[in-house]
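One structure is given here, and the rest of the page talks about it.
Owing to the predicted nature of the structure, the values given are computational and were not obtained by experimental measurement. Note on naming: letters A, B, ... go to the chains in the order of the sequence lines (proteins, then strands), and numbering restarts at 1 for each one.
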Number of protein chains: 2
Amino acid sequence: MLNNENSCALPHKHAENEYKVINDMPSDDTIRSVSGILKQLGDPSRLKIFWLLCHCEECVINIAAITNMTSPAVSHHLRLLKSSGLITSRREGKEMYYKAADTEMANSLHLTIESIADISCPN
Amino acid sequence: MLNNENSCALPHKHAENEYKVINDMPSDDTIRSVSGILKQLGDPSRLKIFWLLCHCEECVINIAAITNMTSPAVSHHLRLLKSSGLITSRREGKEMYYKAADTEMANSLHLTIESIADISCPN
DNA sequence: AAAACAATTTAAAGATTATTTAATTGTTAA
DNA sequence: TTAACAATTAAATAATCTTTAAATTGTTTT
């Protein structure tokens, strides 16, 4: 058993619970997965797009117009958001419509965003 | 009044509520602020450090040992987390001790992280 | 005061990511 | 089937960020 109180792998011994904490630590895969999701919304352009798509369904050129970005840039971010499972798309004629995914993850992140906005910018 | 139903600034008119949504859109400052916070935890190294510091107080070399990083790298990430207000520090002798800030923001983000981990990695 | 330890800073390298422009694909309407 | 519009892709550039190695600062102990 590694990282227990006897093997004493840590340079210093401080807290009593620190080896228990290390044992409960999320795996690298979990860390990567969670940070991968949060990274999506850590970019202001994508956060703006995601917020918008939480509130209405829109086509690419409208998203570009609303967010002051070019279509290719929007397309790039939409692709990332979609492959993270945060948004979905459908085609109708010439246009692609995007909206926030109807999932626990997307809904939960939407709430988190509003909450952070309230806490950090209490206007 | 810009972006109302008459000025018709959008290339296409789709949803009925889209101009209402645009009017309610968070300011660029708010978007930057929220994405700035989320970006902190969008990096796997910082997420790991923050998770650890949500569960115990630790000194820099222990954090480095636990996360398999060098001290300078840890120091760099600690500085970013601290200037975002997510962690605090205190000196005791030669060592600097870090832990998660006791704020609504830090607590809320901790819950969000655990929630995302549960949703995306249901082990 | 010197030596040892802990942490930070700096500068540079390496890696990743965002944006732009141009070209291309897909769909509809003339 | 050609023209027009919407969206994506590709290549290149620009910008940002992470990590490393070396040097420096701060604190304690001998």
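- With hydrogens and angles disregarded, a donor-acceptor distance shorter than 3.5 Å links the side chain of B:Asn62 to the backbone of A:His12.
- Remark: the backbone N or O of B:Arg32 is paired with a side-chain donor or acceptor of B:Ser35 at under 3.5 angstrom.
- Taking a 6.0 Å sphere around CG of A:Asp102, one finds it holds 12 or fewer heavy atoms contributed by other residues, nucleotides or ligands.
- By the rule that hydrophobic residues join a cluster once side-chain heavy atoms approach within less than 4.5 Å of another member, A:Leu80 and A:Trp51 end up as members of separate clusters.
- Using modelled atom types, no side-chain atom of B:Ser33 and backbone atom of B:Asp29 make a donor-acceptor pair closer than 3.5 Å.
- To the nearest 0.5 angstrom, B:Glu58 atom CD is 6.0 Å from B:Leu52 atom CG.
- Here the C1' atom of nucleotide D:dA7 and the NZ atom of A:Lys82 are 12 Å apart, to the nearest Å.
- Note: CG (A:Leu78) to C1' (D:dT9) measures 14 Å, nearest angstrom.
- Near DNA chain D, meaning a heavy atom under 4.0 Å from it, residues 67-75 of chain A has A:Ser71, A:Pro72, A:Ser75 in order of number.
- A close approach under 4.0 Å does occur between a side-chain nitrogen or oxygen of B:Lys39 and OP1 or OP2 of D:dC17.
- As rounded to whole Å, 14 Å separates atom C1' of D:dT28 from atom CD1 of B:Ile61.
- Using a 4.0 Å cutoff on non-hydrogen atoms, the parts of residues 88-102 of chain A near DNA chain D are A:Lys94, A:Glu95, A:Met96, A:Tyr98, ordered by number.
- A heavy-atom distance below 4.5 Å is not found between the side chains of A:Tyr97 and A:Ser89.
- A donor and an acceptor atom, one from each side chain of A:Thr30 and A:Ser27, are located under 3.5 Å apart.
- In this structure, B:Ile63 reaches neither bases nor backbone, as no heavy-atom distance under 4.0 Å exists between it and the strands shown.
- Distance B:Arg79 CZ to D:dT18 C1': 12 Å, rounded to the nearest Å.
- Under a hydrophobic clustering in which Ile, Leu, Val, Met, Phe, Trp and Tyr are joined whenever their side-chain heavy atoms come within less than 4.5 Å, directly or via other members, B:Ile61 and B:Ile63 fall into different clusters.
- Here the C1' atom of nucleotide D:dC17 and the CG atom of A:Leu38 are 17 Å apart, to the nearest Å.
- Across all strands, A:His77 comes closer than 4.0 Å only to sugar-phosphate atoms, never to a base (heavy-atom distances).
- Of all nucleotides in DNA chain C, those with any atom nearer than 4.0 Å to a heavy atom of chain B start and finish, going 5' to 3', at C:dC5 to C:dT9.
- A distance of 11.0 Å separates SG of B:Cys56 from OH of A:Tyr19, quoted to the nearest 0.5 Å.
- Nearest approach of A:Ile31 to B:Lys48, heavy atoms of both residues: CD1-CA, 4.0 Å.
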